[in-house]
Amino acid sequence: MKPCHTFQEMRNSKFTPDEITVRCLLCAFTSSNSYCQGKQVHSYVLKKGFISEVSVCNTLLTMYAKCSDLSDVFDIFEEMEGIMDLVSWNATMTACLKHNHNNVFGLLRMMHCFDHEPDHVTLTNVLGACAVVPSLDKGYQVHCFALKTGLETEASVMNGLIDMYTKCGVLINAHKLFDSFSDPDVVSWSSLIVGYAQFGYGKEALELFQTMRNRGVKPNHVTFVGVLSACSRVGLVDEGLHYYSMMETEYGILPTREHCSCVVDLLARSGRLKEAVSFINQMPYDPDIVVWNTVLAACKTHQNAEIGRHAAESVLRLDPSNSSAHVLLCNIYASTGNWEDVARLRKLMRSTGVRKAPGQSWIEVKDGVHVFSVEDRSHPQMDEIYMVLGDLSLEMMEAGYVPYGGFDSFEVVPS
DNA sequence: CTTGGCAACC
């Protein structure tokens with residue numbers, strides 16, 4: 001029986017729907033992602049005057065956050081002045097975080113002005129926002145607040161802190177916090193494993209995975225993404241393939257698209273390019289741009305023109321304006337002396353106006369964000385920055401560092 | 001019967 005039919009039947013009966021009925025309906029439409037039906041309930045809510053009920057508004061906020069965009073969420077939120085409670089603030093923050101809107105900190109300041117005290121849901125959201133920037137400065141402030149209020153003991157806050165420190169690259173803090181946690185769950189373990197894997201500590205990640213299993217915590221699909229990428233980073237290809245099959249046979253977890261991408265990365269990065277392509281051909285998903293880009297990058301490293309050409313052409317079929325695939329394909333044609341195709345591709349790029357998007361990086365210093373892009377020398381302290389950069393580059397080379405892609409792509413001073 | 005299925009490949 002569908003919720004809308006039950007609702008219709010109820011309206012024809014002697015029972016009158018109340019705000020609880022409405023909330024249940026909204027929950028149902030939120031989980032089935034039914035925007036149109038959710039909107040109809042919204043109209044009903046307005047007609048029957050339930051809009052003055054704060055819990056109904058909160059459920060509306062959640063429904064729009066899941067089924068629509070932020071403008072619908074803010075429309076409701078702005079109409080709620082005077083009746084909003086802690087849940088309203090939290091639901092709106094969750095919506096901002098979900099839609100990558102950078103207003104979580106603004107909402108935190110606003111809720112403070114409205115005399116609402118943050119709870120563990122608020123802190124979990126704010127920590128999530130610290131992790132995406134990422135901002136260690138703000139993260140430390142939230143950590144202090146969590147200690148002061150005792151919210152640190154809350155599992156979601158603890159996991160949020162572990163994830164925040166991981167994303168900020170301070171694995172020591174993440175691990176310390178993890179050790180102080182009496183009862184780490186699958187999320188805590190996975191955050192740490194993924195963190196170690198991402199920063200290149202594959203061995204440590206795999207050791208953590210082993211300890212986790214020994215302690216009887218059941219890994220899930222996210223844990224395995226971490227495990228597979230850990231294997232990929234340190235070149236443990238056969239171990240990675242072993243974990244990939246273990247995932248299904250021992251834990252009954254069916255591989256998602258992410259797991260398949262990890263296996264492609266695992267094979268391609270180590271130079272087993274043919275196997276990577278045959279894995280792509282037999283995996284249960286249509287290959288997307290991510291997997292072909294992975295293969296393409298690996299072909300560049302391992303100097304494989306034949307598969308590289310296939311990968312680049314596949315990327316361009318899915319995204320005809322992909323500039324880096326154009327450039328790499330050009331290089332592949334050139335490396336095999338295929339000058340006709342080089343000329344053809346260069347002409348095509350000029351006529352379609354495909355240009356390489358400039359790379360950007362940024363760093364947060366105190367309360368300002370400093371942005372840098374290629375060949376941009378507009379920063380007021382540029383001379384000092386390049387002096388330090390030059391020293392660092394020398395030190396790195398003396399230590400034996402060879403940049404990815406070789407020295408020809410390594411520029412100390414822009415031309 | 002109102003906020004959280006938190007953590008994820010390049």
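Below, chain A is the first sequence line, B the second, and so on; all start at residue 1.
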Engineer: Where the side chain of A/Asp265 is concerned, which of B/dC10, B/dT2, B/dA8 is the nearest nucleotide?
Structural biologist: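 The answer is B/dC10, which lies nearest to the side chain.
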Engineer: As a quick check of understanding, evaluate side-chain contact (heavy atoms from CB on, under 4.5 Å) for A/Glu248 and A/Ile253, giving each step before the final call.
Structural biologist: CA-CA 5 Å; A/Glu248 200 173 335; A/Ile253 302 167; over 6 Å; no
Engineer: Contact class for A/Asp163 (heavy atom, under 4.0 Å): base, sugar-phosphate, or nothing?
Structural biologist: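 The residue A/Asp163 makes sugar-phosphate contact but no base contact.
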Engineer: Determine: side-chain N/O of A/Gln198 to OP1/OP2 of B/dC10, distance under 4.0 Å, yes or no.
Structural biologist: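 Checking A/Gln198 against B/dC10: no side-chain N or O falls below 4.0 Å of OP1 or OP2.
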Engineer: Tell me: CG of A/Leu267 to C1' of B/dC10, nearest whole Å?
Structural biologist: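 For the pair A/Leu267 CG and B/dC10 C1', the rounded distance is 15 Å.
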Engineer: Distance check, C1' atoms only: B/dC10 and B/dC6, in whole angstrom units.
Structural biologist: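 Per the computed distance, 23 Å lies between those C1' atoms.
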Engineer: Between A/Lys66 and B/dT2, does any side-chain N or O lie under 4.0 Å from OP1 or OP2?
Structural biologist: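 Result: no.
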Engineer: Given atom CG of A/Leu127 and atom P of B/dC6, what is their separation to the nearest angstrom?
Structural biologist: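 Rounding to the nearest Å, CG of A/Leu127 and P of B/dC6 are 15 Å apart.
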Engineer: Counting the atoms with a prime plus P, OP1 and OP2 as sugar-phosphate, which does A/Val194 contact under 4.0 Å by heavy atoms, base, sugar-phosphate, or nothing?
Structural biologist: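 Sugar-phosphate contact only.
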Engineer: Hey, are A/Arg344 and A/Asp341 close enough for a salt bridge, meaning a charged N less than 4.0 Å from a carboxylate O?
Structural biologist: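 Salt bridge between A/Arg344 and A/Asp341, a charged N being under 4.0 Å from a carboxylate O: yes.
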Engineer: Compute the centroid of each ring, for A/Tyr140 and then for A/Tyr165, and state whether the two points are separated by less than 6.0 Å.
Structural biologist: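 They qualify: ring centres under 6.0 Å apart.
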Engineer: What integer distance in Å separates A/Asp119:CG from B/dG4:P?
Structural biologist: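 It is 12 Å, rounded to the nearest whole Å.
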Engineer: Under 4.0 angstrom, heavy atoms only, what part of the nucleic acid is A/His221 near: base, sugar-phosphate, or nothing?
Structural biologist: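 Base contact.
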Engineer: Would you indicate what A/Ser156 reaches in the nucleic acid, counting non-hydrogen atoms under 4.0 angstrom: base, sugar-phosphate, or nothing?
Structural biologist: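 Touches a base.
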Engineer: Describe the nucleic acid contact of A/Asp85 in one word from base, sugar-phosphate, nothing, applying a heavy-atom distance below 4.0 Å.
Structural biologist: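 If one applies the 4.0 Å heavy-atom cut-off, A/Asp85 turns out to touch nothing in the nucleic acid.
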Engineer: Could you tell me the separation between the NZ atom of A/Lys98 and the C1' atom of B/dG5, rounded to a whole number of Å?
Structural biologist: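 From A/Lys98 NZ to B/dG5 C1': 10 Å.
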Engineer: Reckon A/Arg23 has a side-chain N or O less than 4.0 Å from the OP1 or OP2 of B/dT3?
Structural biologist: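 So the side chain of A/Arg23 is outside the cut-off, no N or O lying under 4.0 Å from OP1 or OP2 of B/dT3.
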Engineer: Can you tell me the distance, in whole Å, between the CD atom of A/Glu154 and the P atom of B/dT3?
Structural biologist: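 In whole Å, B/dT3 P and A/Glu154 CD are 16 Å from each other.
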Engineer: Should the pair A/Glu313-A/Arg309 be classified as a salt bridge under the 4.0 Å nitrogen-to-oxygen rule?
Structural biologist: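 Salt bridge between A/Glu313 and A/Arg309, a charged N being under 4.0 Å from a carboxylate O: yes.
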Engineer: For residues A/Phe50 and A/Thr21, determine if any side-chain heavy atom of one lies less than 4.5 Å from a side-chain heavy atom of the other.
Structural biologist: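 They are not in side-chain contact.
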Engineer: Give the nucleotide from the list B/dG4, B/dA8, B/dA7 with an atom nearest to the side chain of A/Thr124.
Structural biologist: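 The listed nucleotide nearest to A/Thr124's side chain is B/dG4.
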Engineer: Would you mind reading off the distance between A/Leu86 atom CG and B/dT3 atom C1', rounded to a whole angstrom?
Structural biologist: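 After rounding, the gap between these two atoms is 8 Å.
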Engineer: What is the separation between atom CE on A/Met10 and atom P on B/dC1, rounded to the nearest whole Å?
Structural biologist: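 Rounded to whole Å, this separation is 15 Å.
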Engineer: Consider side chain to side chain donor-acceptor pair (under 3.5 Å). Of A/Glu207, A/Arg233, A/His175, which one does A/Tyr196 pass it with?
Structural biologist: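 It is A/His175, the one option of A/Glu207, A/Arg233, A/His175 that forms the side chain to side chain donor-acceptor pair (under 3.5 Å) with A/Tyr196.
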Engineer: Determine: side-chain N/O of A/Arg269 to OP1/OP2 of B/dC10, distance under 4.0 Å, yes or no.
Structural biologist: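 Result: yes.
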Engineer: Please determine whether any donor N or O and acceptor N or O are separated by less than 3.5 Å between the side chain of A/Ser261 and the base of B/dC9.
Structural biologist: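 Under the 3.5 Å cut-off, the side chain and the base do form a donor-acceptor pair.
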Engineer: Considering only B/dC9, B/dG4, B/dA7, which nucleotide approaches the side chain of A/Val121 most closely?
Structural biologist: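 Among the listed nucleotides, the one closest to the side chain of A/Val121 is B/dG4.
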Engineer: Please determine, for the side chain of A/Val290, which listed nucleotide (B/dC10, B/dC6, B/dT2) has the closest atom?
Structural biologist: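 Per side-chain heavy atoms of A/Val290, the pick is B/dC10.
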Engineer: Taking the side chain of A/Ile20 as heavy atoms from C-beta outward, which of B/dG4, B/dA7, B/dC1 is closest to it?
Structural biologist: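 When the side chain of A/Ile20 is considered, B/dC1 is the closest of B/dG4, B/dA7, B/dC1.
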Engineer: Provide, to the nearest angstrom, the distance between the NE2 atom belonging to A/His42 and the P atom belonging to B/dT2.
Structural biologist: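 Rounding to the nearest Å, NE2 of A/His42 and P of B/dT2 are 19 Å apart.
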